[in-house]
Amino acid sequence: MGLQSGEKLAMFKWSYPRNRWSLVVLRLLAFLAAAAATLVMVLNKQTKTFVVATIGTTPLKLALNAKFHHTPAFVFFVIANGLVSIHNLVMIMADLLRSKFDYKGFRFPMVAILDMLNLALLSGGANAAVFMAELGKNGNSHARWDKICDKFEAYCDRGAGALVASFIALAFMLLISFISILKLVSPSSHISNNNN
Amino acid sequence: MAKTKRIITILLRLLALGATLSATVVMVTSHDSREVLNIKFTAKYNNSPSFKFYVIAEAIASGYGLVALFLSWKSSVDRLIVIMDVPIAMLLTSSTSAALAVAEIGKKGNSHAGWLPICDQVPKFCDHVTGSLIAGFSAAIVYLVLNLYSLLVVLAPLFPVKP
């Protein structure tokens, strides 16, 4: 059992980045991507006036607007991305202030566990928003749901941009989670305070 | 200690396998149709790409669960199974949330987009989908618990000495 674990660790050793700053840079990128996704989706709004009927010669106009909070999936998307950006920000600060924290007892695997939980949350939020956007773009003929992207193009474009940013953040979170778990497993001196 | 670890892991995997299998089967067998005036209103899981993704993801997770249940007896691939659990858990959470988003629209509609709810017309379909989503959600939670358990218990002996 000991030999097997040693062999597995040798397999992991070459892929673990030795630099202390690589994880902080990855977290910064993930934070930027998730924060961008949140902001773009929150400020996503479009108003359009439609001519509904014509009475005599004056057309009746109706102003319809599309906001992110009309759809619960997008609300979940915003909340998930917001929580992920806060998590990454807190982890960056914890990394930079490492001399003040001591990783004792339960605090030690907490980083990897929180990373995994946030990864699951982000993937849930991003996927729900993607399928909602697909429904808005293509409609659903079986349920008699019209597509809305031909009327609100700017809203759809901005939403697509937010989704792309969120998936980029998801890719970074995957890497970060992988590295955090590797950090727990491989015996290295990076966790000690002497390296600061 | 090792025996209780093994028993708990096997129990969790069995639970997850049951949940994913039932989610797949219940979603695939969900269909309902209704004639209103001359229009035939049929609802099948095929009609929505989100439900199709859900069925495919749960099927993959069931197959993986079956394989993992038998392979976890061999200690050589034990670590690999623990590592492969993480993307499968992610797949389950994403498919469940995607199916939930569309099912919520089907149940409540979206007044801003002019989408009417369909659950009054096809109640049997809605009930089936609800049951399948409950099973899928619990499968995602069980996989999450399994991941955390594996992280803290299976990988814990490898943790270096805490400073």
Side-chain angles (χ1 to χ4, degrees), chain A residues 1 4-5 8-9 64-67 70-74 76 80 102-105 107-109 112-113 116-117 119-132 134-136 138-148 170 174 177-178 181 184-189 191-194, chain B residues 2 39 41-44 46-51 53-54 57 75-76 78-80 82-83 86-87 89-102 104-106 108-118 121-122 140 143-144 147-148 151-152 155-163:
Chain A
M1 186 72 172
Q4 274 179 343
S5 65
K8 283 272 177 187
L9 289 176
L64 287 172
N65 54 2
K67 293 190 190 153
H70 290 336
T71 321
F74 287 158
F76 177 41
D102 47 352
Y103 289 104
K104 277 197 205 142
R107 247 178 274 171
F108 191 52
I113 291 175
M116 249 168 46
L117 290 178
L119 180 66
L121 185 68
L122 186 60
S123 92
N127 273 281
V130 151
F131 276 101
M132 189 56 60
E134 195 267 345
L135 196 61
N138 295 338
N140 195 331
S141 54
H142 302 272
R144 314 272 192 288
W145 291 337
D146 284 332
K147 57 177 131 165
I148 63 165
L170 185 66
L174 198 57
S177 184
F178 189 54
I181 297 182
L184 283 181
V185 168
S186 72
S188 66
S189 57
I191 43 170
S192 68
N193 296 333
N194 311 340
Chain B
I39 314 168
F41 215 157
T42 47
K44 259 190 83 101
N46 273 346
N47 296 348
S48 168
S50 164
F51 290 162
F53 173 51
Y54 179 72
S75 65
S76 56
D78 212 1
R79 304 281 152 80
L80 187 63
V82 167
I83 292 173
V86 179
M90 233 182 76
L91 183 68
L92 277 183
T93 56
S94 39
S95 67
T96 313
S97 61
L100 263 173
V102 175
E104 202 261 351
I105 293 242
K108 297 210 187 119
N110 194 334
S111 53
H112 303 276
W115 291 341
L116 298 170
I118 64 167
Q121 275 98 11
V122 281
Y143 259 106
L144 212 59
N147 272 340
L148 290 178
L151 186 70
L152 285 176
L155 292 180
L158 291 180
F159 286 174
V161 175
K162 302 174 180 58

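Everything numeric in this text was worked out from a predicted model, so none of it was measured. Chain A is the first sequence line, chain B the second, and so forth, proteins listed ahead of strands; every chain is numbered from 1. Atoms considered below: every heavy atom in the structure, side chains included; atoms not considered: hydrogens, waters and symmetry mates.
Rounding to the nearest 0.5 Å places OG1 of B:Thr96 at 10.0 Å from CG of A:Asn127. Between the CH2 atom in A:Trp145 and the CD1 atom in B:Ile118 there is a gap of 5.0 Å [rounded to 0.5 Å]. Atoms OG1 and CG, on B:Thr93 and A:Leu121 in that order, are 9.0 Å from each other to the nearest 0.5 Å. Rounding to the nearest 0.5 Å places CH2 of B:Trp115 at 4.0 Å from CG of A:Leu135. In this structure, A:Ile148 CD1 and B:Asn110 CG are separated by 7.5 Å, a value rounded to the nearest 0.5 Å. Taken from CG in B:Asn147 to CD1 in A:Ile181, the straight-line distance is 8.0 Å, to the nearest 0.5 Å.
Of the residues considered (A:Gly125, A:Ser123, A:Ala129), A:Ser123 shows the highest number of contacts with chain B, using heavy-atom pairs under 4.5 Å. No other option in B:Gln121, B:Glu104, B:Lys108 has as many heavy-atom pairs under 4.5 Å with chain A as B:Glu104. If you tally non-hydrogen atom pairs under 4.5 Å between each of B:Leu91, B:Ile105, B:Leu148 and chain A, the highest count goes to B:Ile105. Contact count versus chain A (heavy atoms, under 4.5 Å) is highest, among B:Ala89, B:Ala98, B:Ala140, for B:Ala98. Per-residue counts of heavy-atom pairs under 4.5 Å with chain A were compared for B:Ala43, B:Gly106, B:Ser50; the largest is that of B:Ser50.
Listed here is the closest heavy atom pair of B:Ser97 and A:Gly124: OG-O, 2.8 Å. Counting all heavy atoms, side chain and backbone alike, A:Met132 lies closest to B:Val102 at CE-N, 4.5 Å.
Of the two parts of B:Asn47, the backbone and the side chain both hold a non-hydrogen atom closer than 4.5 Å to a non-hydrogen atom of chain A. With a threshold of 4.5 angstrom between heavy atoms, B:Leu116 approaches chain A through N, CA, C or O but not through any side-chain atom. Residue A:Leu64: no heavy atom, backbone or side chain, is found under 4.5 Å from chain B.
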